[in-house]
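To keep things clear, I will list the structure first and then write my remarks on it.
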Amino acid sequence: MAQEQIRAALEAVAVQLGATAPVVVELETPRDKGHGDLSTNLAMQLAKPLRSAPRKIAEQIVAALRLGPDLVEAVEIAGPGFINFRLAPGQLNETVRTILAEGAEYGRQRVAQPLRVNVEFVSANPTGPLHVAHGRGAALGDCVASLLAWLGHEVTREFYVNDAGVQINRLGESLWARVQERAGREAAIPEQGYHGAYLLELAERLVGERGAGFADQPAATGVTACRDYAVAALKAEQRADLEAFRVRFDVFFDESRLYQTAPAGSADARSPIDRALAELEGHGALFEEEGALWLRTTAHGDDKDRVLRKSDGTYTYFLPDIAYHQDKAARGFDRSIDVWGADHHGYVPRMRAAMLALGHGDAFFAAIIVQLVTVLRGGEEVKMSKRAGDFITLRELVDEVGVDAARYFFLMRRSESPFAFDVDLATRQTDENPVFYVQMAHARMSGIFRVGGVDAGTVRAEGADIAALPEAMEADLVKTLGRFPLVVRRAAEALEPHRVTTYLEELARAAHLWYHHCHVLGEPAPVERARLALARATQIVLANGLSLLGLGAPERM
RNA sequence: GCGCCAGUAGCUCAGCUGGAUAGAGCGGCAGCCUUCUAAGCUGCGGGUCGGAGGUUCGAGUCCUCCCUGGCGCGCCA
């Protein structure tokens, strides 16, 4: 790629001028087309270390640069010391040739050091159906995982199941209460229990399967049976909903595993919890006070130290969480990226502190915080209350707007921004709806091949002179296409899928513009040939971008 | 009271990890269909980047303080 060649040349010249060896050359595409195709602020960066004026350094750099005329057409110094490069027209052909040659692989790359990355997301308690906020986390986690995979990292999608603890018992008690109600007895849903209508349905099913006598057993065994039944049923339902949302997990990790010891004869029979405690002890991170066992998280930036084992001898939820992350490290992951809801953001500092206390590097743990989702229908916010079991489920949303629109909408905003999901907009089949706008651009490219009777897969760049095409917007389109790999890389590094949707909308705009002004079929042979190649390249990049987001690329709409 | 996130055009939001004259969509106004999808395209208006200081060649972006909104601050999960 032209960019890498220029970067390498600049690095060499910088060292030659006396810059200390590892020079990081920033090369960006300027906003203003008048500033060329690529631009670097290198001279300004070197002004201080070299104790010289930026423009003077820029002149020295330009004088020493040796770039072939087939690569760069012009080099200019501008403003306070920018060096602007205008690429040779032949580079347009090079870009299209690369896209057509790589096809569905275009945009995928191979980082120098691939890592094993665990992306943990959704991780909803099996105490109810998934709701819209889970959908946002699901789309986001899935796409972050895809982005990292596109860079060449080895990615595992993981769902942590809180199948132990107080909430699960309350679920069992809640279902048992519904079963009792059904049998005509007085029964109350426990304090902080689950009131949703879905437990009524579960009670119906449970009694149907086990017989009317089920309600007559002692409460102790009844609650246990209800608990196991509800957890199994809700887990299955959640997985089915995710599957319908095109999210597939590699691993469902049960919290209960953390309490289990290894089979006799294992090298280390301790449970993950006990092992984590021992490791924290080994790092000198624990202390006892007032009968409780504490982790000194303040040593790593937390506000206050945190209790791991209460004075009554039971563990806080924090310890299994630490053990879980330690288990990820033990399974060989270099990074753990956790997608959490906004209501958990307060736990980020303590988890980071725990990981640092265990000797992990700063890069091991990262949390992506997903802000709240509200739903707009008819311009009005739909009221939701999780406590009352009154909320819009992911399933309902997907049924209403479709998988493509739901995924796209969840991905198109930065995760830290609160998001109002406008279901009317998502179902609208007009240009106001960005997902239709982008998919339509792909359908239009496909339409050219369909109408022309051309098999898109057979289009080749060889002999197609894109650089000779008459309209300026054609070169702009190619340059936009050429930015795709960089967009993927930046989005992956920042863990921000919305950069891809923003880019796709920009690309779609360029594609619609071009489609409208530049006719393909029936043009003079050289023009038709070049434009078929350009349409094919555009179709490929749109399809790759949509596929990265987990969306379909329709041939017609 | 403390912490985290947000505050950019009438509305919804981008802004490439500090770059050049802050962008897009929608809405508003004015245009464009014998041509591969008008589900589209073109043009015009529209801004004290919440406020005040600071850092430097250069700040929407980094630091400090303040204002507004959301979320969170337990030996609960």
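Below, read A as the first sequence line, B as the second, and so on, with proteins coming before strands; counting in each chain starts at 1.
- When both distances must be under 3.5 Å, the Watson-Crick or G-U wobble mate of B/G69 is B/C5.
- Counted within 6.0 Å of NZ on A/Lys56, heavy atoms from surrounding residues, nucleotides or ligands total 12 or fewer; the atom is thus considered open.
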Please list each protein N or O that sits under 3.5 Å from an N or O in nucleotides 2-5 of chain B, with the distance.
from: B/G3; atom 1: N2; to: A/His345; atom 2: NE2; distance (Å): 2.5
from: B/C4; atom 1: O2; to: A/His345; atom 2: NE2; distance (Å): 3.3
from: B/C5; atom 1: O2'; to: A/Glu416; atom 2: O; distance (Å): 2.9

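- At most 12 non-hydrogen atoms from other residues, nucleotides or ligands lie less than 6.0 angstrom from CZ of A/Arg529.
- Nucleotides B/U56 and B/C4 are separated by 25 Å at their P atoms, to the nearest Å.
- Within 4.0 Å (heavy atoms only), A/Val520 reaches at least one base atom of the nucleic acid.
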Nucleotide N/O of nucleotides 23-27 of chain B paired with protein N/O under 3.5 Å:
from: B/A24; atom 1: O2'; to: A/Arg509; atom 2: NH2; distance (Å): 2.6
from: B/C26; atom 1: OP1; to: A/Asp431; atom 2: OD2; distance (Å): 3.0

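- An aromatic stack links A/His35 and the base of B/A20, using centre distance under 5.5 Å and interplanar angle under 30°.
- If you check every strand for non-hydrogen atoms under 4.0 Å, A/Leu513 touches sugar and phosphate atoms only.
- Nucleotides B/U17 and B/G3 have their P atoms positioned 29 Å apart, rounded to a whole Å.
- Each of A/Arg309 and A/Phe449 lies near RNA chain B, and the nucleotide nearest A/Phe449 is the one positioned closer to the 5' end.
- Only the P atoms considered, B/A24 is 12 Å distant from B/G45, to the nearest whole Å.
- Among the protein residues, A/Tyr347 comes within range of the nucleic acid bases, having at least one heavy atom under 4.0 Å from a base atom.
- Glycosidic conformation at B/C16 (O4'-C1'-N9-C4 for purines, O4'-C1'-N1-C2 for pyrimidines): anti, more than 90° from 0.
- Contacts of A/Thr314 with the nucleic acid, taken as non-hydrogen atoms under 4.0 Å apart, are absent.
- When heavy atoms are screened at a 4.0 angstrom cut-off, A/Ala78 is found touching base atoms of the nucleic acid.
- B/U61: no Watson-Crick or G-U partner with both key distances under 3.5 Å is found in any strand.
- A/Glu506 comes within 4.0 angstrom of no nucleic acid atom, judged by non-hydrogen atoms across all strands.
- Rounded to the nearest Å, the gap between the P atom of B/G72 and that of B/C29 is 43 Å.
- Across all strands shown, B/U37 has no partner, as no Watson-Crick or G-U wobble contact with both distances under 3.5 Å is found.
- Interface remark: the A/Tyr315 side chain does not form any donor-acceptor pair with the B/A77 base, using a distance-only criterion of under 3.5 Å.
- Using a cutoff of 4.0 Å between basic side-chain nitrogens and carboxylate oxygens, A/Lys235 and A/Asp254 are scored as salt-bridged.
- Taking atom NE2 of residue A/His344 and atom P of nucleotide B/C71, one finds them 15 Å apart after rounding to whole Å.
- Under the stacking criterion of a centre-to-centre distance below 5.5 angstrom and an interplanar angle below 30°, A/Phe82 sits stacked against the six-membered ring of B/A20.
- Counting non-hydrogen atoms under 4.0 angstrom, A/His519 reaches a base of the nucleic acid.
- With sequence neighbours excluded, no residue forms a salt bridge (charged side-chain N to carboxylate O under 4.0 Å, His left out) with A/Arg509.
- Heavy atoms of A/Val307 sit under 4.0 angstrom from at least one base atom.
- A donor-acceptor pair is defined here as one N or O able to donate and one able to accept, closer than 3.5 Å; no such pair exists between the side chain of A/Glu528 and the backbone of A/Pro526.
- When the nucleotides B/C36, B/G15, B/U37 are ranked by their closest atom to the side chain of A/Leu521, B/C36 comes out on top.
- Between A/Phe82 and A/His35, a ring centre-to-centre spacing not shorter than 6.0 Å is recorded.
- Across every non-hydrogen atom of A/Val96 and A/Ala537, the tightest pair is CG1-CB, 4.2 Å.
- At a threshold of 4.0 angstrom between heavy atoms, the contacts of A/Ala53 with the nucleic acid are absent.
- Glycosidic conformation of B/U17 is syn; the angle stays within 90° of 0.
- No contact: A/Gly452 has no heavy atom under 4.0 Å from any strand.
- With C1' as the reference atom, B/G15 and B/C66 are 26 Å apart, rounded to whole Å.
- Across the C1' atoms, B/U48 and B/G53 are found 16 Å apart, a figure rounded to whole Å.
- A donor and an acceptor atom never sit less than 3.5 Å apart when one is taken from the side chain of A/Asn41 and the other from the base of B/A20.
- No engagement by A/Asp302 is indicated, since no non-hydrogen atom pair under 4.0 Å with the nucleic acid exists.
- Panel note: side chain A/Arg306, backbone A/Lys304; a donor-acceptor pair is recorded below 3.5 Å.
- Looking only at distances, no side-chain donor or acceptor of A/His442 sits under 3.5 Å from a matching main-chain atom of A/Val438.
- Of the two residues contacting RNA chain B, namely A/Arg499 and A/Ala420, the nearest-nucleotide position lying further toward the 5' end is that of A/Ala420.
- Nucleic acid contact class of A/Glu555 (heavy atoms, under 4.0 Å, all strands): none.
- Among the heavy atoms of the strands lying under 4.0 Å from A/Ala342 are primed sugar atoms or P, OP1, OP2 only; no base atom is included.
- Contacts of A/Ala494 with the nucleic acid, taken as non-hydrogen atoms under 4.0 Å apart, include base atoms.
- Separation of the C1' atoms belonging to B/U61 and B/C71 is 24 Å when rounded to the nearest angstrom.
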